[in-house]
**Student:** 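The structure under discussion is supplied below as C-alpha cells; questions concerning it will follow.
The structure presented is a predicted model; accordingly, all values stated were derived computationally and were not measured. Below, chain A is the first sequence line, B the second, and so on; all start at residue 1.
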Number of protein chains: 2
Amino acid sequence: MSEVQKNWNNKLIDFHGRCRAAGLKMTPQRVAVFKALIGTDKHPTAEDVYRDVRLEMPNISLDTVNRTLLTLVEIGAAFVVEGTGQPRRYDGGMDDHQHFRCLKCGKIVDFHYEPYDNIDVPAAIGHYTVLRKTVYFEGYCDACTHDN
Amino acid sequence: MSEVQKNWNNKLIDFHGRCRAAGLKMTPQRVAVFKALIGTDKHPTAEDVYRDVRLEMPNISLDTVNRTLLTLVEIGAAFVVEGTGQPRRYDGGMDDHQHFRCLKCGKIVDFHYEPYDNIDVPAAIGHYTVLRKTVYFEGYCDACTHDN
DNA sequence: TTGACAAATAGTTTTAAATCCTATTTAGTA
DNA sequence: TACTAAATAGGATTTAAAACTATTTGTCAA
C-alpha cells in the first residue's frame, strides 16, 4: 500500500473513531462528504462538496452536505477556514499550513512555516479541549498592495 | 487629558490618516461607526453597531453601517473576528488579545498571552503588506467538554 | 469662498447561504 | 430479525449581506 493510501486509511479510521466517540452513525453520506473533503487540497465550499459528492451519490441533498460539514467541524474532523465567510470554506485538515488572506480581494494564500505547526497553548485556556491551533495573517496581497 | 482619552485620540488620528491614505472621505457616518466600534470591548455585529450609532444619528441606514464596517476592514482599521460568521462579529482593535472559540456552542473566549502579541512574519509572505497577525484556538469549552 | 464633481448615503429591493421542517428511510443493537 | 433513535431528502423559510438608484455631501481647485 502506498504512503498516500496509508495516510488516507488512517484518516478514515480516525474519522470512524471520532464518530463512535460522539455516538454518530456511519452513514454513506457522511463518509462520502468526508472523503470529498480530504480528497482535495482546495478549500471547498458546501456547494463544491455537494457537486463533488453528487457524482457518486446523485440523490444526496444540499442540506445533508451542509449538516454533515457542520457535524465534521463539531467533532474536529474538519475546520472552517478563517476569514469573513460567505460562503464558508472548509478544510479537511490537509498537511500543516497557514493562511494569509487579502483584505481587499479576499484571496487566500497558503504558506507553511514550521514553527507555527505546533505552538503552545497558554495556561489560561489549558483546561479547554483544544482541537486546533491556528496562526493567521491578513493584509494586502501583491496586486492589491500596488494598485493603490 | 487622561490616558484613555489620549488613546482614543490617537485612534481617531490614525483612522483619519488611513482614510486619507486610501482616498476616503471623512463622513460623519464613518466616524460614528468607527467610534462605536472602538468604544466597546465586545465583538459587536453590524446590527449591534447600527443600534448603537442610531442613538446619536437616528437616520443612518443599516446598509451604511454594513458598508462602513467592510470599509474599515479593508483599510485595516477594524477586523472580523475569526469563526464561522453569520452574523459577522467585528473587532475595533482593542488591546492585544487572542480568541478561543468553542466548536459546539460557538462561545468566544478572550484571553491574553503576551508571546502571541507580536509573532514574526515568515519570509514566504514577507513581501505582502501584513496588517494583522492572529493566533486563534478552537475546541470545546468546559461546559461542552463535559456534557458529552 | 464658492462651485463642480466624485464619492457616499438612505431607503428599499434582491440575493444567496444556511437553517428549519416533516415525512420517510436507515444504521446500530438487542 | 425487528426495533428505535438518528439521519436523510426535498422543499420552504430565514436572515445577513449586497445591490440598486435617486439624492446628498465632502473635497479640492479656482
**Student:** Please determine whether a side-chain nitrogen of the Lys or Arg among A:Asp91 and A:Arg132 lies less than 4.0 Å from a carboxylate oxygen of the Asp or Glu.
**Tutor:** yes
**Student:** Indicate yes or no for a side-chain donor-acceptor contact from B:Gln98 to the backbone of B:Tyr113 under 3.5 Å, with no hydrogens or angles considered.
**Tutor:** yes
**Student:** Between C:dA17, D:dA9, C:dA27, which nucleotide has the shortest distance from any of its atoms to the side chain of A:Lys25?
**Tutor:** C:dA27
**Student:** What integer distance in Å separates B:Arg89:CZ from D:dT15:P?
**Tutor:** 16 Å
**Student:** Tell me: CZ of A:Arg88 to P of D:dA17, nearest whole Å?
**Tutor:** 12 Å
**Student:** Heavy atoms only, 4.0 Å cut-off, all strands: where does A:Pro28 land among base, sugar-phosphate and nothing?
**Tutor:** sugar-phosphate
**Student:** Can you tell me if B:Arg67 touches the phosphate of D:dA16, counting only side-chain N or O atoms and a distance under 4.0 Å to OP1 or OP2?
**Tutor:** no
**Student:** Just call it for B:Leu24: base, sugar-phosphate, or nothing, with non-hydrogen atoms closer than 4.0 Å on any strand.
**Tutor:** sugar-phosphate
**Student:** Kindly state whether the ring of B:Tyr136 and the ring of A:Tyr136 have centres lying under 6.0 angstrom apart.
**Tutor:** no
**Student:** Taking atom C1' of D:dA6 as reference, at what distance in whole Å does atom CD of A:Glu74 sit?
**Tutor:** 15 Å
**Student:** Does D:dT8 have OP1 or OP2 sitting under 4.0 Å from an N or O in the side chain of A:Thr27?
**Tutor:** yes
**Student:** For D:dG26, does OP1 or OP2 lie under 4.0 Å from any side-chain N or O of B:Arg20?
**Tutor:** no
**Student:** Any side-chain N or O of B:Ser61 under 4.0 Å from OP1/OP2 of C:dA10?
**Tutor:** yes
**Student:** Specify the separation, in whole Å, of atom CG of B:Leu69 and atom C1' of D:dA17.
**Tutor:** 12 Å
**Student:** Among C:dG11, C:dT19, D:dT27, which is the nearest nucleotide to the side chain of B:Asp63?
**Tutor:** C:dG11
**Student:** Could you tell me how far apart A:Ile75 (CD1) and D:dA6 (P) are, to the nearest whole angstrom?
**Tutor:** 16 Å
**Student:** Look at the side chain of B:Thr64 and decide which nucleotide, out of C:dA18, C:dT9, C:dC20, has an atom nearest to it.
**Tutor:** C:dT9
**Student:** Counting only side-chain nitrogens and oxygens, does B:Gln29 get under 4.0 Å of the OP1 or OP2 atom of D:dT24?
**Tutor:** no
**Student:** Output the rounded distance in Å from CG (B:Leu70) to P (D:dA16).
**Tutor:** 15 Å
**Student:** Could you say whether A:Val65 or B:Leu62 is positioned toward the 5' end of DNA chain D, judged by the nucleotide with the nearest heavy atom to each?
**Tutor:** A:Val65
**Student:** Taking NE2 in A:His112 as the centre, count heavy atoms belonging to other residues, nucleotides or ligands within less than 6.0 Å. Is the count above 12?
**Tutor:** yes
**Student:** In whole Å, what is the span from the OH atom of B:Tyr50 to the C1' atom of D:dA17?
**Tutor:** 14 Å
**Student:** Establish, with yes or no, whether the OP1 or OP2 oxygen of D:dA17 is under 4.0 angstrom from a side-chain nitrogen or oxygen of B:Asn66.
**Tutor:** yes
**Student:** Out of C:dA8, C:dA10, C:dT19, which nucleotide sits closest to the side chain of B:Arg30?
**Tutor:** C:dA8
**Student:** Could you tell me if B:Arg54 sits above the aromatic ring of B:Tyr50, with its cationic atom closer than 6.0 Å to the ring centre and no more than 45 degrees from the axis?
**Tutor:** yes
**Student:** Roughly how many Å is it from CZ in A:Arg54 to P in D:dT8, rounded to a whole number?
**Tutor:** 16 Å
**Student:** Taking the basic N atoms (NZ, or NE/NH1/NH2) and the acidic carboxylate oxygens, is any pair closer than 4.0 Å for A:Arg51 and A:Asp48?
**Tutor:** yes
**Student:** Under 4.0 Å, counting only non-hydrogen atoms across every strand here, what does A:Asn59 touch: a base, just sugar-phosphate, or nothing?
**Tutor:** sugar-phosphate
